[in-house]
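A short write-up of the structure that comes next.
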Amino acid sequence: MLQTCPNDYQLHLFHDGSFFRSYEIFGAKVTSMNEITGVSFTVWAPHAKKVQVVGDFNNWDGTNFSMEKLNSEGVWHLFVPHLQAGERYKYKFITEENLELL
């Protein structure tokens, strides 16, 4: 199984422009955490104030599916247990411009 979250060294290389296998850590990947299979979501959104994952699995409501900001450069991550390959999802980006709409 893939790792669930990028490590500090991978993030350093990504922001340095020398991590040539970023496809291995970004996007949605089926993996396991504490022996529970699910999907690991990782995205780079440097201008986001908040990022949520929405999809059929949560009725397109990201309230309880907020991603964690891993570093000041804007890499966000969330592991959702019990999801499988083929789930429909989108990222919901909350920025300074649309923050007041919430």
key: E96 side, atom CD; I94 side, atom CD1 - distance, nearest 0.5 Å   = 12.0 Å
query = Taking atom CG of N34 as the centre, does the number of heavy atoms from other residues, nucleotides or ligands within less than 6.0 Å exceed 12?
reply = no
query = Does any non-hydrogen side-chain atom of W44 lie less than 4.5 Å from one of H15?
reply = yes
ask   = Could you state the interatomic distance from CD (Q52) to CG (L78), rounded to the nearest 0.5 Å?
value = 10.0 Å
request  = Quick one: pull up CD in E87 and CG in N58 and give me the separation to the nearest 0.5 Å.
outcome  = 9.5 Å
message = Within the 4.5 Å heavy-atom criterion, are T42 and M67 side-chain neighbours or not?
response = no
task = Please confirm whether the backbone N or O of N59 pairs with a side-chain atom of D56, one donor and one acceptor, at under 3.5 Å?
result = no
key: Connected via hydrophobic side-chain network under 4.5 Å: L83 and I36   = no
query = Are V51 and S66 side-chain neighbours, meaning at least one heavy-atom pair lies under 4.5 Å?
reply = no
inquiry  = When you compare the side chain of W76 with that of L70, does any pair of heavy atoms fall below 4.5 Å?
reply    = no
query = CG/L11 to CD/E73 distance, rounded to the nearest 0.5 angstrom?
reply = 8.0 Å
query = So among F65, F79, F26, Y89, which one has a ring pair (Phe, Tyr, Trp, His ring centres under 6.0 Å) with F41?
reply = Y89
note = Output for pair (Q10 CD, I25 CD1), nearest 0.5 Å, gives 4.5 Å
request  = Please step through side-chain contact (heavy atoms from CB on, under 4.5 Å) for the pair W60 and K92, ending with a clear verdict.
outcome  = CA-CA 10 Å; W60 302 92; K92 179 179 180 180; over 6 Å; no
request  = Given side-chain contact (heavy atoms from CB on, under 4.5 Å), test T37 with T31 step by step and report yes or no.
outcome  = CA-CA 6 Å; T37 300; T31 187; over 6 Å; no
ask   = Of the non-hydrogen atoms in G62 and V54, which two are nearest, and what is the gap between them?
value = N-CG1, 3.3 Å
remark   = Note: Y91 and A28 closest approach over all heavy atoms is OH-N, 4.3 Å
request  = Decide whether Y23 and F14 are clustered together by the hydrophobic rule: side chain heavy atoms of Ile, Leu, Val, Met, Phe, Trp, Tyr closer than 4.5 Å, transitively.
outcome  = no
ask   = For H77 and S40, does a side-chain donor sit closer than 3.5 Å to a side-chain acceptor?
value = yes
task = To the nearest 0.5 Å, tell me how far K69 NZ sits from K50 NZ.
result = 13.5 Å
query = Are more than 12 heavy atoms from other residues, nucleotides or ligands located less than 6.0 Å from atom CG of D16?
reply = yes
